[in-house]
Structure formats: C-alpha cells, structure tokens
Amino acid sequence: MRIAPLALLPFCLAGCMNVSDMAQGTRYHLSDAGILDHSETRRASNWRLQPDSSIYIAQGHFVPPGNAYPRSNVVAEEAFKGFVEYFPLVQRAPGPLGLDEAWNQATVAGANYILYVRFAAADDRIGSYDEWNSQRAVDRLGVDSSVIQLMVFETGTRYLVDAARIRSRGGILSIYDARPEDLLRPPLDEYARHLLGLSR
C-alpha cells in the first residue's frame, strides 16, 4: 500500500505547471478580477512586420473627452518606448500631427510604415488624497481607464495593414495616484510583439 502513492508521484509531478506558466496564469486571473491592471487588444488583421521594418510613430491632435488631461504626445512616446525594444529602426514625431503631416514626415524619414495612434478615451478617477480634496465626489472614486486606437499604414501604398483598439483598466493594487496614461505601456509592448509574431 505504501508503494502505490510513490508510484503515482511521478504522474502527479508531470502534470504540474512550471513556475513561469503558473505566474502568468495567476497574473491573468488577478487582472481579470480587477486586482491588477488589465488590457484587451482587438486587431483587425494578423499582419506581421519584418524585424528590420522602419516605422514612424505619430499621434493625432485628438484630445480624449472627459476630465483627464494627458500629455499631448504621450501615446506616441509610450509606443516608441515599447517598439524600440523590438524594431531597431523606429522614429517618433516630436509632437501631435495630422495624418497628412505624418505621411510627409514618414516619407522624408524613409519609413516603411506609419504607426498612427490616438488617445480615444480616458477616465481619470479619484485615486489619491489630493484628487479627493479637489473633487469630493464619491461617484468619481475608482480605477482609471483608457482607450487608444492604432493604425498601421504602408508608407508607399497608403494601404492600411492593421488597425487595433486597446482598452485598459487599472487595478485596485495600483489605484493610488495613478493616471490613465500609466496604463499605456504594457499593452503597447504586447502589440509590438504581436506585430512581430512573438508570444509573451
């Protein structure tokens, strides 16, 4: 009888997950439950870019409605920080541009693709004592959220190769003194990996 549990032990250990898979699964469930930051990316296509693609990143002039006032070029800045890890030939516009202006600058820069981004929505909820003192609205307590839109164009043909929408929501553990733009970097990193066809 004592040999039976020992004989079953290798089968039990073989079915166990490795530590990295367990950590990733735990993070996913905590994010889904609202404890950690969470984001969802919806893409229009599965287009992939070559690692040596030259990309020009620009943000539109659109200001998200609501009471959040993010920096004027913050999405392009965060996208650049994420994309430069995966695409060595990345450039960023110094400020917001219209699409035609972005096209002209990308052409001058010799870029193969334009990543044109827009901060579509931002909700900066009360998450610190200073914000509470300035607003004093119970219905404004909660986690921040944001929505950004991305379009990838071929510079030469003006063909839209991909469009994506990233919806992000803060978590309870990161609620203090957070802003909607703090949610941008992780999903933009993930989007860059998807464009290369890489997993996590």
Side-chain angles (χ1 to χ4, degrees), residues 37-125 143-170 178-200:
D37 295 350
H38 176 75
S39 65
E40 178 186 15
T41 303
R42 296 193 177 226
R43 295 181 61 191
S45 72
N46 290 324
W47 188 278
R48 293 182 181 177
L49 304 185
Q50 295 296 320
D52 61 348
S53 298
S54 175
I55 303 171
Y56 191 82
I57 301 174
Q59 180 174 343
H61 292 285
F62 184 81
V63 177
N67 64 345
Y69 301 100
R71 294 192 316 275
S72 62
N73 207 34
V74 66
V75 183
E77 292 167 7
E78 295 300 319
F80 178 81
K81 290 175 189 174
F83 271 67
V84 78
E85 292 184 25
Y86 302 97
F87 296 94
L89 304 175
V90 178
Q91 300 175 64
R92 175 182 61 82
L97 298 172
L99 185 55
D100 287 335
E101 295 173 295
W103 233 300
N104 292 337
Q105 292 198 17
T107 303
V108 170
N112 305 119
Y113 297 94
I114 299 172
L115 173 64
Y116 195 70
V117 298
R118 176 173 102 137
F119 215 144
D123 190 2
D124 187 9
R125 296 285 181 144
V143 296
D144 300 333
S145 62
S146 68
V147 177
I148 56 175
Q149 296 168 333
L150 307 94
M151 294 182 290
V152 180
F153 296 94
E154 266 186 333
T155 310
T157 62
R158 297 200 170 203
Y159 178 70
L160 178 66
V161 298
D162 192 24
R165 178 180 181 269
I166 300 175
R167 183 182 178 92
S168 300
R169 179 193 72 225
R179 298 183 56 80
E181 51 262 43
D182 298 335
L183 303 169
L184 302 180
R185 177 72 186 278
L188 286 167
D189 286 0
E190 185 177 8
Y191 183 67
R193 287 193 296 271
H194 284 314
L195 284 176
L196 273 177
L198 301 175
S199 58
R200 286 185 175 273

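Residue numbers count from 1 along this sequence.
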Hey, can you pull the donor-acceptor pairs under 3.5 Å for the side chains in residues 55-66, sequence neighbours left out?
unit_1	atom_1	unit_2	atom_2	d
Tyr56	OH	Gln105	OE1	2.5
Gln59	OE1	Val74	N	3.4
Gln59	OE1	Val75	N	3.0
Gln59	OE1	Ala76	N	3.1
Gln59	NE2	Ser72	O	3.2

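- Judged by distance alone, with hydrogens and angles left aside, the side-chain atoms of Trp103 form a donor-acceptor pair with the main-chain N or O of Thr155 at under 3.5 Å.
- When all heavy atoms of Ser54 and Ala111 are compared, the closest pair comes out as OG-CA, 3.3 Å.
- Between atom CG of residue Leu196 and atom CD of residue Gln50 there is a gap of 9.0 Å, rounded to the nearest 0.5 Å.
- Partners of Arg43 under the salt bridge (charged side-chain N to carboxylate O under 4.0 Å, His left out) rule, at least two apart in sequence or in another chain, are Asp162.
- One distance of note links CH2 of Trp47 with CG of Leu160; it measures 10.0 Å at 0.5 Å rounding.
- Counting all heavy atoms, side chain and backbone alike, Leu97 lies closest to Ala102 at CD1-CA, 3.9 Å.
- Between Ala93 and Asn73, the shortest heavy-atom distance links the atoms O-ND2, 3.1 Å.
- Pairing each heavy atom of Tyr191 with each of Val152, the nearest pair is OH-CG2, 3.5 Å.
- Partners of Arg158 by side-chain hydrogen bond (donor to acceptor under 3.5 Å, both in side chains), not counting sequence neighbours: none found.
- Considering CZ of Arg42 and CZ of Arg167, their distance stands at 10.0 Å, rounded to 0.5 Å.
- Taken from CZ in Arg165 to CD1 in Ile148, the straight-line distance is 10.5 Å, to the nearest 0.5 Å.
- Pairs engaging residues 83-101 under the side-chain hydrogen bond (donor to acceptor under 3.5 Å, both in side chains) rule: Glu85-Arg185, Tyr86-Arg193 [sequence neighbours left out].
- Evaluation of the side-chain hydrogen bond (donor to acceptor under 3.5 Å, both in side chains) test over residues 106-116, restricted to residues two or more places apart or in two chains, returns none.
- Remark: Glu77 pairs with Arg71 by the salt bridge (charged side-chain N to carboxylate O under 4.0 Å, His left out) rule, at least two apart or across chains.
- With a 4.5 Å cut-off on side-chain heavy atoms, Phe87 and Leu49 count as touching.
- In terms of heavy atoms, Leu188 sits closest to Ala79 at CD1-N, 3.6 Å.
- In this structure, CD in Glu190 is found 8.0 Å from CD1 in Ile166, a value given to the nearest 0.5 Å.
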